[in-house]
Amino acid sequence: MGNEPVFAIEQNTEVLIDNAAITAKVAEMARQIEADFEGESVLLVGILKGSIHFLSDLARHLRLDSQLDFLQASSYHGARETTGLVQIRKDLDINIAGLNVILVEDIVDTGTTVNHLRELLLTRKPKTLRIAALLSKPDAHRVDAQVDYVGFEIPNEFVVGYGLDYGERYRNLPYIAILRNQDDNSQPELFAG
Ligand code: IMP
Ligand code: MG
């Protein structure tokens, strides 16, 4: 898929990770997961909405018996800032007791969301619980976030595309880009993933 700006919204973006690099990385992450869970079944839990493309690509690369489920968490924040309050807006459909669960997240920023979800899901007694994140911003971590599979470590910049949004836009871009020239006058609001 092309990385050339074709839509008007792309005038504000600067490609950080192109689609080919994402595809190669997701395949590599799938090989790691297959090696760790050889002969077993896994439940991939996509954290809505940002993980949709990553989950979809990862699931199709994974040569393991697998199930899919979704969870939606929300944190109070402005368009770019997280406050540390995490709520569950949509819970899992599947009972995870005894299952190999892999939480699939778009990005680990402060680490608050994945840490909260890890604590919550561990109370439900899965057999194993791992976290896969396409992106991680090590310089933004405020809590010690244990992420088992990380695609790319990126600088502490606000990024969009491949599922990641700014005010619900840009999720459809097939690449990860740094967002430029945005006025951020937004008031704190309830956003989800
Ligand atoms: P955390 O709880 O601070 O780790 O952030 C978790 C959520 O904030 C992610 O799942 C994203 O939805 C959102 N987020 C954090 N950084 C970015 C970014 O650079 N671009 C878009 N969304 C982001
Ligand atoms: Mg978001």
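Numbering starts at 1 and runs along the sequence shown. Read the numbers this way: they start at 1 and go in the same order the structure lists the ligands and their atoms.
Scanning both residues, S41 and D65, for their nearest heavy atoms gives OG-OD2, 2.6 Å.
Between Y162 and D57, the side chains place a donor N or O and an acceptor N or O closer than 3.5 Å (distance only, hydrogens not considered).
For ligand 1, the atoms closer than 4.0 angstrom to any heavy atom of E105 are 10 (O). Numbered from 1 in the order shown, with element, the atoms of ligand 1 that lie under 4.0 Å from a heavy atom of E157 read 19 (O). Per-residue contacts place L164 under 4.0 angstrom from the following atoms of ligand 1 (heavy atoms of the residue considered): 20 (N), 21 (C), 22 (N). Every atom of ligand 1 with a heavy atom of T112 under 4.0 Å away is listed here by number and element: 2 (O), 4 (O).
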### Task
For R124 and D91, run salt bridge (Lys or Arg N to Asp or Glu O under 4.0 Å): C-alpha distance rounded to whole Å, both residues' side-chain angles, the deciding distance at 0.1 Å, then the answer.
CA-CA 12 Å; R124 302 179 186 180; D91 208 334; 2.8 Å; yes
Q.
I'd like to know whether E28 forms a salt bridge (Lys or Arg N to Asp or Glu O under 4.0 Å) with R31, so could you lay out the CA-CA distance, the side-chain angles of the two residues, the decisive distance to 0.1 Å, and finally the verdict.
A. CA-CA 5 Å; E28 190 185 312; R31 301 292 89 85; over 6 Å; no
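When the options G111, A140, A73, S51 are ranked by their closest heavy atom to atom 4 (O) of ligand 1, first place goes to G111. Summarising the contacts of atom 13 (C) of ligand 1 with V147, I107, I47, the nearest heavy atom is found in I107.
Contacts between R142 and ligand 1, counted as non-hydrogen atom pairs separated by less than 4.0 Å, are absent for every part of the residue. Counting heavy atoms closer than 4.0 Å to ligand 1, residue D106 contributes side-chain atoms (C-beta onward) but none from N, CA, C or O.
On a distance-only criterion, V159 and ligand 1 share at least one N/O pair closer than 3.5 Å.
The 12-atom threshold is exceeded at NZ of K90, counting heavy atoms of other residues, nucleotides or ligands nearer than 6.0 Å.
Taken together through direct or relayed side-chain contacts under 4.5 Å among Ile, Leu, Val, Met, Phe, Trp and Tyr, I47 and L122 form part of one hydrophobic cluster.
Counting only distance, with no hydrogens or angles, the side chain of N115 and the backbone of D144 share a donor-acceptor pair below 3.5 Å.
The closest approach between any non-hydrogen atom of H141 and ligand 1 is not below 4.0 Å. The closest approach between any non-hydrogen atom of D165 and ligand 1 is below 4.0 Å. Heavy atoms of G50 stay at 4.0 angstrom or farther from ligand 1.
To the nearest 0.5 angstrom, R142 atom CZ is 6.0 Å from T112 atom OG1.
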